[in-house]
Protein chains: 2
Amino acid sequence: MITIKDIAKEANVSAGTVDRVLHNRGGVSPKTETKIKKILKQKKFKINLIASSLAMKKHHNLATLIPQYDEQNLFWKSPYSGIQKASQEVSAYGIENKVFFFDQSDPKSYLKAFRKLIKTEPDAVVMVPLFVKESHEIIKLLNLKKIPYIFLNVDLKGLAFGGSSCNNLSYIGQKSFDAGILSGKLSHLCSKNGDEFLIVMTRKNIHDYEAINERVKGFKSYFQDNVPDAHIHQLKFDQSDGFETVKKKINTFLTKNQRVKVIMVPSSRVSYICKTIEKDHLLRLKIIGFDTTPQNVEALKKSIVAFLISQKSFNQGYKSIITIANYMVYKEMPTNEIPTPLEIITKENYKYSHSEERKYYNEN
Amino acid sequence: MITIKDIAKEANVSAGTVDRVLHNRGGVSPKTETKIKKILKQKKFKINLIASSLAMKKHHNLATLIPQYDEQNLFWKSPYSGIQKASQEVSAYGIENKVFFFDQSDPKSYLKAFRKLIKTEPDAVVMVPLFVKESHEIIKLLNLKKIPYIFLNVDLKGLAFGGSSCNNLSYIGQKSFDAGILSGKLSHLCSKNGDEFLIVMTRKNIHDYEAINERVKGFKSYFQDNVPDAHIHQLKFDQSDGFETVKKKINTFLTKNQRVKVIMVPSSRVSYICKTIEKDHLLRLKIIGFDTTPQNVEALKKSIVAFLISQKSFNQGYKSIITIANYMVYKEMPTNEIPTPLEIITKENYKYSHSEERKYYNEN
DNA sequence: GTTGAGGTAGTGTCCGCACACGAAAATTAA
DNA sequence: TTAATTTTCGTGTGCGGACACTACCTCAAC
């Protein structure tokens with residue numbers, strides 16, 4: 001291992017001078033600077049991050065704003081776990097992460113949580129900008145205070161509000177349109193000529209709208225490009241529709257349309273939909289859904305669902321923290337978008353995915 | 001952040017004493033020990049890994065034994081890249097990794113490379129035990145010298161040689177049988193009743209035999225369990241068969257067996273096989289292969305191949321180093337097996353997979 | 001009462017780097 | 001030539017912890 005001292009000795013200068021060159025801190029004559037830089041390259045010197053971060057030891061405050069999860073909707077549990085794991089790891093680098101929760105169906109609680117957050121005077125923020133209008137306010141304040149922030153799972157790209165645009169360092173999440181395309185491909189692959197398709201949309205929370213819509217667009221786009229004459233049906237349900245209503249509508253539809261062989265559910269509620277479908281219909285159907293919630297995985301294991309497209313939300317949460325931490329500690333600028341993989345999960349490979357997540361649970 | 005000094009002050013002892021308690025190094029009276037432990041828990045003290053690893057700064061020698069890659073066979077490039085990336089990361093922890101290559105078709109070069117390796121007196125070894133008999137010798141010596149080792153990509157489990165069994169800390173790689181099952185499921189999903197299946201086996205290197213065989217077994221096992229009356233054909237080619245021979249045999253077969261609609265190639269040579277198949281056959285076929293070699297990905301992008309099952313070999317290489325490093329530095333015992341995910345790759349999600357690997361290439 | 005062994009606990013140094021302070025050298029001004 | 005500046009660079013300290021070395025204390029044996 002090459003150290004600063006090694007370089008200094010080689011260049012006949014002191015460690016301090018090498019340090020100045022390394023950090024472009026100036027005060028070094030051009031001659032010695034080039035000399036040192038040459039030796040640096042030649043010896044392939046790389047800063048020892050361990051020692052570096054120990055020596056810097058600034059204390060960073062990080063704050064996270066995410067929806068609260070509950071038994072009804074476990075979706076946000078995964079990213080939270082990822083956030084927890086990452087927070088633990090970066091704590092050694094002097095970064096303390098405070099997490100603030102809000103009710104995903106209540107914009108007011110979103111603002112309220114943010115106000116609590118901002119009082120802690122964070123140096124950086126990771127947030128899920130679930131509500132557009134309220135995010136406007138939040139972002140204006142963050143821009144004003146020059147607090148860097150990144151978006152997690154939900155993007156707000158291109159949305160410029162009167163003068164204050166989104167200057168988020170990065171967006172970490174899935175590309176819903178492409179996920180839709182993938183669902184189209186999978187649907188296509190497990191169908192034969194003449195089969196018809198059904199999209200079942202449920203809207204439990206308004207905010208999902210954007211992602212769900214994009215997935216449907218992607219799905220249709222795939223068929224537009226590859227099987228233009230495919231017959232794609234669509235059913236929509238509202239929050240107000242009860243289980244029995246949904247059940248009746250779907251089964252009536254499926255009885256009338258026997259050629260429908262593939263169902264795509266663009267939300268994370270595929271298992272709920274499956275429960276409403278009668279068994280004899282299920283037998284002829286291939287069903288594709290999104291997100292590996294416990295209920296969905298259950299349906300996968302029972303071979304009711306053929307494919308789940310996962311967005312690895314644990315990893316999203318994890319990455320968001322790591323990314324912002326690297327920015328705070330090493331000023332490492334993240335790419336504008338960090339798309340998470342489109343992971344295809346089946347009954348057969350489920351147990352090998354999410355190993356990081358499970359490992360984390362076991363350790364804690 | 002709580003430091004050792006904080007604890008020491010609180011307990012009216014010196015930092016050294018706290019340190020002794022933390023590491024169970026003895027020499028502390030029961031009274032003070034319990035007192036310190038209480039404060040430790042109460043204040044939720046956690047060792048600062050950054051400072052810790054800096055202070056320990058033992059120099060660890062790590063050695064890696066893997067097959068050399070060439071333009072013909074790029075498979076081993078990926079794990080090597082992962083190994084490189086991880087080596088770089090752990091170098092800050094005082095771990096120096098020396099990589100030794102061997103010719104994957106020559107057992108002698110395997111032994112020769114190992115002899116060079118052992119001369120460097122490594123503290124731990126990561127190896128690909130490609131040749132069973134020669135690995136015997138190697139493992140005997142490693143056991144004797146009490147050098148810990150882990151297996152990468154190829155397992156040697158259960159193989160007890162006269163007295164000296166494999167004491168590898170861990171195996172990092174894919175479960176080939178399960179990968180085969182998955183390929184069966186995918187084949188099944190993209191077929192309809194009455195379709196027939198074809199397995200095309202090529203053996204370029206003898207060592208692949210085990211993995212390929214397991215994949216075929218898994219494939220068959222899937223159908224045994226789910227579609228017992230499925231008609232599964234099999235074609236085998238030898239290293240000696242030239243391109244034209246293969247081409248003729250395959251196309252003749254496909255002409256005769258028009259009901260074959262899915263081809264599974266259990267090796268990483270699916271793109272090669274595709275090249276031999278005539279276009280009019282290709283149109284009716286769904287083809288499933290393994291490993292994301294550049295050529296295979298090319299075929300995937302052209303929609304010739306429907307699915308590739310990837311073993312994320314970059315990650316395998318990366319993980320192997322990280323795992324052994326954690327063992328050396330923190331004495332963290334890995335699990336006996338670290339199976340890598342069975343990743344399903346299609347034309348639509350390829351660009352989102354392997355992001356780590358691409359990022360690494362871009363940085364270097 | 002002196003000596004020595006064994007058990008406890010404090011001190012100092014180092015890991016590699018960041019950064020402040022001030023010294024030396026180089027340049028300019030007087 | 002000397003004083004005043006400015007540029008360039010060396011030194012020292014500390015980040016939090018690991019560990020060797022040393023000092024102290026107790027208690028028993030002679």
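The figures here come from the full heavy-atom set of this structure, side chains too, leaving out hydrogens, waters and symmetry mates. In what follows, every chain begins at residue 1, and chains take the letters A, B, ... in the order their sequences are listed.
- With sequence neighbours left out, B/Ser109 forms a side chain to side chain contact (heavy atoms under 4.5 Å, CB included) with B/Phe102, B/Asp103, B/Asp106.
- Here A/Phe100 pairs with nothing under the ring-ring contact (aromatic ring centres under 6.0 Å, His included) rule; sequence neighbours left out.
- Two residues, B/Leu54 and B/Gly27, neighbour DNA chain C, and the one matched to the more 5' nucleotide by heavy-atom proximity is B/Gly27.
- By the ring-ring contact (aromatic ring centres under 6.0 Å, His included) test, B/Tyr171 is found to be paired with no residue, residues two or more places apart in sequence or in another chain being considered.
- Remark: A/Tyr318 pairs with no residue by the ring-ring contact (aromatic ring centres under 6.0 Å, His included) rule, at least two apart or across chains.
- Rounded to whole Å, atom C1' of D/dG16 lies 10 Å from atom CD1 of B/Ile50.
- Within 4.0 Å of B/Thr32, counting heavy atoms only, lie sugar-phosphate atoms of the nucleic acid but no base atom.
- For B/Phe75, there are no ring-ring contact (aromatic ring centres under 6.0 Å, His included) partners, not counting sequence neighbours.
- In this structure, the side chains of A/Thr120 and A/Asn61 stay at 4.5 Å or more apart for every pair of heavy atoms.
- Between the NZ atom of B/Lys46 and the P atom of D/dG17 there is a distance of 14 Å, rounded to whole Å.
- Atom CZ of B/Arg25 and atom P of D/dA20 are 7 Å apart (whole Å).
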N/O donor to acceptor pairs below 3.5 angstrom from side-chain atoms of residues 26-35 of chain A, sequence neighbours left out:
unit_1, atom_1, unit_2, atom_2, d
A/Ser29, OG, A/Thr32, N, 3.4
A/Ser29, OG, A/Thr32, OG1, 2.8
A/Thr32, OG1, A/Ser29, O, 2.9
A/Glu33, OE2, A/Lys37, NZ, 3.4
A/Thr34, OG1, A/Pro30, O, 3.1
A/Thr34, OG1, A/Lys31, O, 2.8
A/Lys35, NZ, A/Ala11, O, 3.2

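- With sequence neighbours left out, A/Arg25 forms a salt bridge (Lys or Arg N to Asp or Glu O under 4.0 Å) with A/Asp19.
- Of all nucleotides in DNA chain C, those with any atom nearer than 4.0 Å to a heavy atom of chain B start and finish, going 5' to 3', at C/dT8 to C/dG16.
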Taking only N/O atoms, report every protein-nucleotides 10-14 of chain D pair under 3.5 Å with atom names and distance.
unit_1, atom_1, unit_2, atom_2, d
D/dG10, OP1, A/Ser14, N, 3.4
D/dG10, OP2, A/Ser14, N, 2.5
D/dG10, OP2, A/Ser14, OG, 2.7
D/dG10, OP2, A/Thr17, OG1, 2.7
D/dG10, N7, A/Arg20, NH2, 2.9
D/dG10, O6, A/Arg20, NH1, 3.1
D/dG10, O6, A/Arg20, NH2, 3.4

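- Residue contacts for A/Ile47: at a heavy-atom cut-off of 4.0 Å it reaches the sugar-phosphate backbone alone, with no base atom in range.
- B/Asn48 comes within contact range of the sugar-phosphate backbone alone, with a heavy-atom separation under 4.0 Å but no base atom that close.
- At whole-Å resolution of the value, NZ in B/Lys5 and P in D/dA18 are 13 Å apart.
- Among pairs with a residue in residues 38-54 of chain B, none fulfils side-chain hydrogen bond (donor to acceptor under 3.5 Å, both in side chains), at least two apart in sequence or across chains.
- Contact annotation for B/Tyr93: no contact, since no heavy-atom pair falls under 4.0 Å across all strands.
- With axes fitted over five pairs at each extremity, the angle between the ends of the helix from C/dG1-D/dC30 to C/dA30-D/dT1 is 70° (10° resolution).
- Using bins of under 30°, 30° to 60° and over 60° for the plane-to-plane angle, the ring pair A/Tyr80/A/Phe101 lands in the perpendicular bin.
- By the salt bridge (Lys or Arg N to Asp or Glu O under 4.0 Å) test, A/Glu337 is found to be paired with A/Lys175, residues two or more places apart in sequence or in another chain being considered.
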